[in-house]
J.: 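Take this structure first; my questions come after.
Throughout, a chain's letter reflects where its sequence line sits, starting with A, and its residues are numbered from 1.
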2 protein chains.
Amino acid sequence: MSKKGLSLLDVSEADAGACCAPLACEPLTAGEAEDLAPLFKALADPVRLRLLSLIACHDGGEACVCDLTSAFELTAPTISHHLKVLKQAGLIDSERRGTWVYYWINPTALTRLSALLRPRHAFGAVEG
Amino acid sequence: MSKKGLSLLDVSEADAGACCAPLACEPLTAGEAEDLAPLFKALADPVRLRLLSLIACHDGGEACVCDLTSAFELTAPTISHHLKVLKQAGLIDSERRGTWVYYWINPTALTRLSALLRPRHAFGAVEG
DNA sequence: TTTCTAATTTGACACACGTCTATGCAGCAT
DNA sequence: ATGCTGCATAGACGTGTGTCAAATTAGAAA
């Protein structure tokens, strides 16, 4: 089932110019949905959305944890927890350089989710 | 703050041809993140992802609840609960016609989320 | 070594979430 | 009216999640 998930995630690339977004082409299988849900769950928190956004917008495409922590009125362990959730979902990656740990976005993961949600032809004609 | 949320959600349309995706342009404000998180939370469940997909792929762009319930090994109240979550998030809409209730996708909401996640220029150059 | 700082991990707590059974409501057909 | 069917709601139960304080690890500097 993890293999199915991977193939589903891959599809959005090979499929980038196809007729419609995966979500609108044919129904997700149970296995595909099980693999996709954790990605959206990782995005389903305002703190994590802001973290992702802060990292994406930071100079050089990466941000130190200390920069991120100072942007919230939350404790360091809480920020660390959210970063861990994002990383385990594959949305970000990190590296330790000396004293500091730097995080950056995984654009591939975001692109895949974006393509999945794009309701192009299938019901782009239904409304707008 | 709800006004902020709406403007954020609107941005992805006016912004469709702009330099980069909202997430990558400038950091989300706390209010924007608070407004966006519930949308991703609604997507953060495998059953709801399949429901959304089933509705989107159904003939005529809409599906009866009875069609949806039969696709899962879950009770009708559980399906009803998930449909309510999706509807309250604005991802689907519904109408009763006689005995049956029909659901359809709100493509605008999906398009906005899709645009938000698209990491175009900002870090499209970083990897691929 | 020791000390200091950056970041993570652990454990605990309150709250939210997914699922079920039981019940209620709306519409159609007797 | 009564009964039947499709769907939603209410309440309960177990599990998962976000947050914190406290403890731990990793590295730099003295």
Side-chain angles (χ1 to χ4, degrees), chain A residues 28 30-31 33-55 58 60 62-89 91-104, chain B residues 28 30-31 33-55 58 60 62-89 91-104:
Chain A
L28 261 46
E34 293 281 348
D35 291 332
L36 281 169
L39 293 178
F40 288 110
K41 187 172 290 187
L43 293 173
D45 181 274
V47 174
R48 289 198 289 271
L49 280 177
R50 287 183 64 197
L51 282 171
L52 208 60
S53 176
L54 282 168
I55 296 171
H58 206 268
E62 59 183 25
C64 171
V65 175
C66 55
D67 296 329
L68 301 173
T69 302
S70 62
F72 299 85
E73 292 185 349
L74 294 170
T75 64
T78 297
I79 298 300
S80 192
H81 160 70
H82 286 302
L83 289 171
K84 186 179 183 180
V85 172
L86 288 170
K87 184 172 180 178
Q88 287 182 334
L91 294 170
I92 61 176
D93 210 336
S94 69
E95 183 187 25
R96 182 176 203 113
R97 288 202 286 274
T99 304
W100 295 278
V101 176
Y102 293 87
Y103 282 83
W104 60 88
Chain B
L28 261 46
E34 293 281 348
D35 290 331
L36 281 169
L39 293 178
F40 288 110
K41 187 172 289 186
L43 293 173
D45 180 274
V47 175
R48 289 196 290 270
L49 280 177
R50 289 183 63 198
L51 283 171
L52 208 61
S53 177
L54 282 169
I55 296 172
H58 206 269
E62 60 183 23
C64 171
V65 175
C66 56
D67 297 328
L68 302 173
T69 303
S70 62
F72 298 86
E73 292 185 350
L74 293 170
T75 65
T78 298
I79 299 300
S80 192
H81 160 70
H82 286 303
L83 289 171
K84 185 178 183 180
V85 171
L86 288 171
K87 184 172 180 178
Q88 287 182 333
L91 293 170
I92 61 176
D93 211 334
S94 69
E95 183 188 26
R96 180 175 206 114
R97 289 202 284 275
T99 303
W100 294 278
V101 176
Y102 293 88
Y103 282 84
W104 60 89

J.: Starting at atom CG of A:Leu51, determine the distance to atom P of D:dT19, rounded to an integer number of angstrom.
T.: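 Atom-to-atom, A:Leu51 to D:dT19, this comes out as 10 Å.
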
J.: Quick one: closest heavy-atom pair of B:Val101 and B:Ser94, and the distance?
T.: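 So the minimum-distance heavy-atom pair works out to CG1-CB, 4.2 Å.
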
J.: Taking atom P of D:dG18 as reference, at what distance in whole Å does atom CG of A:Asp45 sit?
T.: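 Value for this atom pair: 5 Å.
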
J.: From NZ of B:Lys41 over to P of D:dG16, roughly how many Å is that when rounded to an integer?
T.: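 Taking atom P of D:dG16 as the reference, NZ of B:Lys41 is at 16 Å.
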
J.: NA contact type, B:Lys87, heavy-atom cut-off 4.0 Å: base, sugar-phosphate, or nothing?
T.: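 Nothing, no nucleic acid heavy atom in range.
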
J.: Under 4.0 Å from any heavy atom of chain B: name the first and the last nucleotide of DNA chain C that qualifies, 5' to 3'.
T.: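 The contact span of chain B on DNA chain C goes from C:dC17 to C:dC28.
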
J.: Separation of A:Leu86 atom CG from D:dT17 atom C1', in whole Å?
T.: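 One finds 14 Å between C1' of D:dT17 and CG of A:Leu86, rounded.
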
J.: Go through the steps for B:Leu51 and B:Val47 under the test side chain to side chain contact (heavy atoms under 4.5 Å, CB included), then give the verdict.
T.: CA-CA 6 Å; B:Leu51 283 171; B:Val47 175; 4.1 Å; yes

J.: Side chain to side chain contact (heavy atoms under 4.5 Å, CB included), that's the test. Do B:Val65 and B:Trp100 meet it? Break it down for me.
T.: CA-CA 7 Å; B:Val65 175; B:Trp100 294 278; over 6 Å; no

J.: What verdict does the side chain to side chain contact (heavy atoms under 4.5 Å, CB included) test give for B:Leu54 and B:His58, after you've listed the backbone C-alpha separation in whole Å, the side-chain angles of each residue and the deciding distance to 0.1 Å?
T.: CA-CA 6 Å; B:Leu54 282 169; B:His58 206 269; over 6 Å; no

J.: Set out, line by line, the N/O atom pairs under 3.5 Å between protein and nucleotides 28-30 of chain D.
T.:
none

J.: Supply the atom-to-atom distance A:Leu83 CG to A:Leu91 CG, rounded to the nearest 0.5 angstrom.
T.: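 Reported value, rounded in 0.5 Å steps: 11.5 Å.
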
J.: Quick check on D:dA8: is either OP1 or OP2 less than 4.0 Å from any side-chain nitrogen or oxygen of B:Tyr103?
T.: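 Checking B:Tyr103 against D:dA8: at least one side-chain N or O falls below 4.0 Å of OP1 or OP2.
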
J.: Quick check: closest heavy atoms across B:Ala37 and A:Leu49, and the distance to 0.1 Å?
T.: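 That closest heavy-atom pairing would be N-CD1, 3.6 Å.
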
J.: With rounding to the nearest 0.5 Å, note down the distance linking OH in B:Tyr103 to NZ in B:Lys87.
T.: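 The NZ atom of B:Lys87 is 5.5 Å from OH of B:Tyr103, to the nearest 0.5 Å.
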
J.: Who passes salt bridge (charged side-chain N to carboxylate O under 4.0 Å, His left out) against B:Glu73, sequence neighbours left out?
T.: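 With neighbours one apart ignored, the set is empty.
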
J.: Compare all side-chain heavy atoms of B:Glu95 with those of B:Trp104 and state whether any distance is below 4.5 angstrom.
T.: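 Yes, at least one pair of side-chain atoms sits under 4.5 Å.
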
J.: Could you work out, with side-chain contact (heavy atoms from CB on, under 4.5 Å) as the rule, every residue matching A:Ala30, not counting sequence neighbours?
T.: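 With neighbours one apart ignored, the set is B:Arg50.
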
J.: Is there a residue in residues 68-83 of chain B whose heavy atoms reach under 4.0 Å of DNA chain D, and which residues are they?
T.: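 Under 4.0 Å from DNA chain D: B:Pro77, B:Ser80.
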
J.: Using heavy atoms to find the nearest nucleotide of DNA chain D for B:Lys84 and B:Arg96 separately, return the residue whose nucleotide is more 5′.
T.: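 On the 5' side of the pair lies B:Arg96.
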
J.: Mind checking side chain to side chain donor-acceptor pair (under 3.5 Å) for B:Arg48 and listing every partner two or more places apart, or none if nothing turns up?
T.: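 Side chain to side chain donor-acceptor pair (under 3.5 Å) check on B:Arg48 returns B:His82.
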
